[in-house]
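The structure appears right after this line, and notes come after that.
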2 protein chains.
Amino acid sequence: MSHYTDPFRGEFDSLEEFADRVSDVLQCPVTIEDANHRLIAYSAHDDYTDPARTATIISRRVPEKVINSLWKQGTIPALLKSREPVRVPPIPDVGLGSRVAVSIWKNDEVIGFIWVLETNRTLSPEEMEWLKLAAKTAKNKVLQLYMRKNKKEERVQELFWKLLTGHIATEDEIRAHLAAMQIPAAPQFAVVVFRFAADLTVEMERQISYLLQTTQQLPLLLYTTDGRDVILLAAPKTTDQPLKELNGFIESFAAKMKERFHIHDVQCGFGGVYGAYRFIEKSYREALAVLAFKEKFGDEIRSVYGYAQLGIYQFFDFLLEQKRQGEWANPALEKLQSYDRKHHSDLVKTFETFFDHNENVQETADALNVHPNTLAYRLKRITDIAEIDMTDMNQKIKLYIDIKLAKYEARG
Amino acid sequence: MSHYTDPFRGEFDSLEEFADRVSDVLQCPVTIEDANHRLIAYSAHDDYTDPARTATIISRRVPEKVINSLWKQGTIPALLKSREPVRVPPIPDVGLGSRVAVSIWKNDEVIGFIWVLETNRTLSPEEMEWLKLAAKTAKNKVLQLYMRKNKKEERVQELFWKLLTGHIATEDEIRAHLAAMQIPAAPQFAVVVFRFAADLTVEMERQISYLLQTTQQLPLLLYTTDGRDVILLAAPKTTDQPLKELNGFIESFAAKMKERFHIHDVQCGFGGVYGAYRFIEKSYREALAVLAFKEKFGDEIRSVYGYAQLGIYQFFDFLLEQKRQGEWANPALEKLQSYDRKHHSDLVKTFETFFDHNENVQETADALNVHPNTLAYRLKRITDIAEIDMTDMNQKIKLYIDIKLAKYEARG
DNA sequence: CCGGTTTTTGTGGATTTCCACAAATTAACC
DNA sequence: GGTTAATTTGTGGAAATCCACAAAAACCGG
């Protein structure tokens, strides 16, 4: 094929026009997406599209489950690796018919995709080459869009930082700014922070951004990064169980980071869920607090992400301060500790573990590798030595808190 | 009988001498006690005494169990009412042989007792009259002792107040003062405060003092009063389970106040058990804190006396302060509360009660008058509405604390 | 007042806890 | 090194919890 026969020569006013042209050439419906699978353009005069394409056009983004399938099935990894068109077998589960795709490149980076739906025909090898050519031709247009988006993105990030640091005071002012940036209002939201093992590289940032953009579990209003942190403003859809939603999102995000990009070691915390924008700063501080605690109490609160689930740790900073200045003694704990030292026993740890496991005898015994009766014996011993009443939740709680607080202090 | 034949005429150098004289006249062992059953004097040249008397002389006070028997059996009440001698049948349980007793009066107040042990004889009516006369004669001598004791008592009380208010700084200085007042050293102690319904009357003060003086459950180093408070420095004998000892003492004190003097409505609190005198002030403050909490959380901590048993309430003042200045929100609690308001339900109370009863299903269901399954249902409801995980002690504790804290704030 | 939802109570059975007692093992102290 | 005390493990039966399912009863919005 020579460039003399290039069917995509000439000027195109818009990407829509270009999509139509490609569609004309290949006699198939065509969709153009950016690197994050957001719809950029699509060919209009098609008689047939599959459900996946319809959904993509309606919501202006590829449905997440479709993206997931394409990842699992290997199409997207292939597109990210090679500039060659890739044929995608149908995936009826997600309403995806047979299609051919190619990635759009700028230097070494993929900045978009062209999808061709093979409705009632199969592309010939020559047509596949044309498609490749189309991808090259699309590059500049897509890039312009990219630049515009990036500019906007920068302004949005600046706004986000102002919110995170509490530099915009009134609710109305915040609303005005957000509206100006086309950021939709949300009845409630929380700041989510992902913290990686090391400072983010450009490559990682792209991968993260990709994951976040393609996530549809819950709307993400704002996004920025800071050193090794990725900071989001997430808006749970239900007022009913927002925490559940956030937890689900975080776990799936972490799972995907691992699966697709082999990045482990992602910590995460999110602050309180609030309904007024002026609490963004607070939610951010809380998210950071969660991360700080996770560093100190790694084991205990591994599966905790939300500030609300931090439970008693929420006021540990206060308590510690109190403990340090005042004479905060817990004779019960001291007695147990001195007993442990003297008899090389593990009463404190036993009690702590017992509570860590929700006072469940079986679980605790397993965790400590002892017989349930041993546990019972030790607990009875604790009641005697520490003079605490195991039927009095109040006293038990106090001891538990003091144990954890001592740990916190030691690691402080 | 005329006063011409008064066998107790003349001067006596000491009460010992007088006791011997009475013993000579009545041909029986004689013991003289003050109003609080402390030994003042006893006749020396007796061939036989019963175990109760021996014990009294050895420890310079009547054993508590003997006093208890004499109260139960009616002797002491009788002596406190009438100036007539009273015959006491033997009480073998406490080693008490048959005896005759008479009270020593000053105006309308009993200031002491004379006990005559009927070893191998029974006093004749005439001898009973002599005994009555002896009581009259003893009055002045006993009174002198009383005055001296009161003077000393005043100085001791002054010292106690200095300790309670932290006006003596160094440990050595405190030790010196206590030694000068003949107050024995103790390895550990706590400040105990009894609070009565109204300001103490002279009469009540005497009764309280009587009870405290005759208590031998644990040594009381210092004693004073303040409005409706009686303040003690108590020294538990065992370092092992001092709290148990203190609790026992308090409960028996309250029981006796009720039984013997029909005084109910005695609140009590005691501070931490410390080993250094400079902590007396702290222990006192803690005791007062316990009483303050008991006023607000009457039901919940009815059976709590010790600061150590206050558990989480210990840091409630502090938390409340935080809550009031910062924005301390618990979305979980708020959701529950709003649900309760909307549906006229009792989820918050249910959870609170559940924890008050140590997460015991049966007990809680009884306390709330509902079926155990109802309780289970409500708890499940709570997990959904408040989005808290009932298998996570940490979150449960946080909610519990916030519930109690809200209560505390409301009553603050 | 009706129809659907929420709440309460009931039943039964598998599982767990609780308790008391005892044997076996370990630690501690002359 | 031997003896006592402390700790761990085992056994068995009564009691309590947990769970699923279902029938009442109460509540609510139209």
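A note on names: the letters A, B, ... follow the listed sequences, proteins ahead of strands, and every chain is numbered from 1.
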(Q) Quick check: any donor-acceptor pair below 3.5 Å linking the side-chain of Asn373(B) to the base of dT7(C)? (A) no

For a quick check, tell me whether the side chain of Asn360(B) and the base of dT17(D) share a donor-acceptor pair closer than 3.5 Å. no

**Prompt:** Would one find more than 12 heavy atoms of other residues, nucleotides or ligands at under 6.0 Å from atom NZ of Lys407(B)?
**Reply:** yes

Above 12 or not: heavy atoms from other molecules or residues under 6.0 Å from NZ of Lys237(A)?
yes

When His343(A) and His344(B) are each assigned the nearest nucleotide of DNA chain D, the 5'-most assignment goes to His343(A)

Distance test, side-chain N/O of [X] to OP1/OP2 of [N], below 4.0 Å:
X	N	answer
Gln362(B)	dA15(D)	no
Arg378(B)	dT6(C)	no
Tyr377(B)	dT8(C)	no
Tyr339(B)	dT7(C)	yes
Thr374(A)	dT9(D)	yes
Arg381(A)	dA6(D)	no

Separation between CG (Leu347(A)) and CG (Leu333(A)), nearest 0.5 Å, reads 11.0 Å

So CD of Glu359(A) and CG of Asn358(B): to nearest 0.5 Å the spacing works out to 6.0 Å

Could you state the atom-to-atom distance from [atom1] of [X] to [atom2] of [N] in whole Å?
X	N	atom1	atom2	value
Leu375(B)	dC18(D)	CG	C1'	12 Å
Asn358(A)	dT16(C)	CG	P	15 Å
His371(A)	dG10(D)	NE2	P	5 Å
Asp340(A)	dT7(D)	CG	C1'	14 Å
Glu359(B)	dA16(D)	CD	P	17 Å
Met390(A)	dT17(C)	CE	P	16 Å
Leu368(A)	dT7(D)	CG	P	16 Å
Leu347(A)	dT8(D)	CG	C1'	13 Å

Parallel, tilted or perpendicular, as decided by the 30° and 60° cut-offs, for the rings of Phe293(A) and Phe297(A)
parallel

Val370(B) has its side chain closest, among dA16(D), dT16(C), dT9(C), to dT9(C)

